Amino acid sequence: MVGSDVMRGYNDFMILFLLLDEDSYGYEISRQIKQISEGKYIMKETTLYSAFTRLEKEGYIEAYYGTETNGKRRTYYRITKEGREFYREKCEEWELVKEIVGKFVKM
Amino acid sequence: METILSYLENMFLHLPRTSEVLRAKEELATMMEDKYNELLAEGKRENEAVGIVISEFGNLEELSEELGLGDLEQTKETGEPVKRVSRGEAEEYISATLKSIRWIGLGVMLCIWSPIALLILGTLDESGMFMFTDAQYVCYGLVPLFVMIGIAVALFIYHGMRLERFEYLKKEPIEIDFWLEKQLRQMDEEEHASFTLKLIVGVMLCIFAVLQLLVIASIDQNEMAGGFSTAALLLVIGVAVCVMVSGSGKRECLKVLLQEGEFTKKGKKSSKIIDIVAGIYWPIVTAIYLAWSFTTMDWGFTWIVWPIAGALFGCTAAVVQAVTGGGES
């Protein structure tokens, strides 16, 4: 399990990644994060929601209402062009972080 | 699922009902419900699922900015320099005060108890059963009086100094963030019952103390009974005041932090004036007490200066507050 402090800078990044191929909604995203990280990282609901509003404000994602088969209203999120660009920048940034921090790792 | 919804309801209880807040609540509820249903589908028991959902909910404070609760309105209103009080400072202040207030209560009790020995000596002397020399008066009457007052003053000074670094909370305008305020208000609600109970106990003791004096005075005109009864009055009132002073500690802190009662911004101005008045008033009272006592050597009676001075000071403070418009929110 990784603490939320360490991951703070990368929450937005992970959410954008999950939206690259298809639109998604709150729980689905948190489930996928848990699954992809093999249960090593669980994003808290409040963290997730905070990231959604932040990303939305920055114009990286858009929210819209979708209707489930059972008739329930649900908020879906869609990545924007700016969001994709931001994601690419973050990927490059991550490579750099990995390179720099990696130089200080001794196991 | 109801447990989860009521948990969420509780978390949002004191938040303003803005559209941002309502949207956040709705979205969080949906996410929690989805997770809960999935956990049930995985074969988890209901209790277990509720536990997991709640433990993974996170912390609403994380959403302060998103919910528009980051800043306090007060700063915008006045533009005066306002000191922001962090949660750590507030908690430190409360725990330090709670520690000190017991000792301060004890000090007040000792002050009230201090003339008891003299009073009893005087009563016994007047009854004619015993005759005391001046040396005995000093030894068994005055020494306990000054020792008790000495200990009390030492307690006041020591604990006053320990709490001095928090004085600004009482005197300067402060602000706390929304979450801290919410937490403090909750503490205030929880504290209310125990504070009221202590107050009732204190008041009942005071009434009892006066009542026994009246009853004894009416059935027994004997001087000796009156003297002992007065001693008992001081004894009981000492305990009562100690209970009320130490019982009020937490509430007082919360009032300071929430800037209520006499600690509103206006109230802080009038308390500065009262401070100045007190700085002149109490030394004068002390001088009067000592002068009177030493000239008449009537120590068994001159202590009456203190309750009268206390009551007069209370009146003065109330007048100052009324004139400066403090004490109202």
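Proteins get letters first, then strands, A, B, ... in listed order; numbering begins at 1 in each. This is a predicted model, so every value here is computed, not measured.
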Between [atom1] of [X] and [atom2] of [Y], what distance do you get to the nearest 0.5 Å?
X       : Y       : atom1 : atom2 : value
A:Arg74 : B:Glu26 : CZ    : CD    : 11.5 Å
A:Thr47 : B:Asn59 : OG1   : CG    : 8.5 Å
B:Met31 : A:Tyr25 : CE    : OH    : 12.0 Å

Taking every non-hydrogen atom, the tightest pair across [X] and [Y]:
X       : Y       : result
B:Glu38 : A:Tyr27 : CG-OH, 3.0 Å
B:Lys35 : A:Ser30 : CE-OG, 4.3 Å
A:Lys44 : B:Phe57 : CB-O, 3.8 Å
A:Glu45 : B:Val53 : OE1-O, 4.4 Å

Give a yes or no on this: more than 12 heavy atoms of other residues, nucleotides or ligands lie within 6.0 Å of atom [atom1] of [X].
X        : atom1 : value
B:Glu42  : CD    : yes
B:Glu167 : CD    : yes
B:Phe156 : CZ    : yes
A:Lys34  : NZ    : no
B:Asn47  : CG    : no
B:Tyr168 : OH    : yes

Proximity breakdown for B:Glu33 and chain A, heavy-atom pairs closer than 4.5 Å | side chain
Between A:Arg31 and B:Asp34, is there a side-chain N and carboxylate O pair less than 4.0 Å apart?
->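 Salt bridge between A:Arg31 and B:Asp34, a charged N being under 4.0 Å from a carboxylate O: no.
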Side chain, backbone, both or neither: which part of A:Ala63 has an atom under 4.5 Å from a heavy atom of chain B?
-> side chain
A:Thr46 side chain vs B:Leu60 backbone, donor-acceptor pair below 3.5 Å |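 Not a single qualifying donor-acceptor pair exists.
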For side-chain contact (heavy atoms from CB on, under 4.5 Å), just list the numbers for B:Arg23 and A:Tyr49, CA-CA rounded to whole Å, side-chain angles, deciding distance to a tenth of an Å, and then say yes or no.
-> CA-CA 10 Å; B:Arg23 192 188 149 195; A:Tyr49 185 76; 4.0 Å; yes
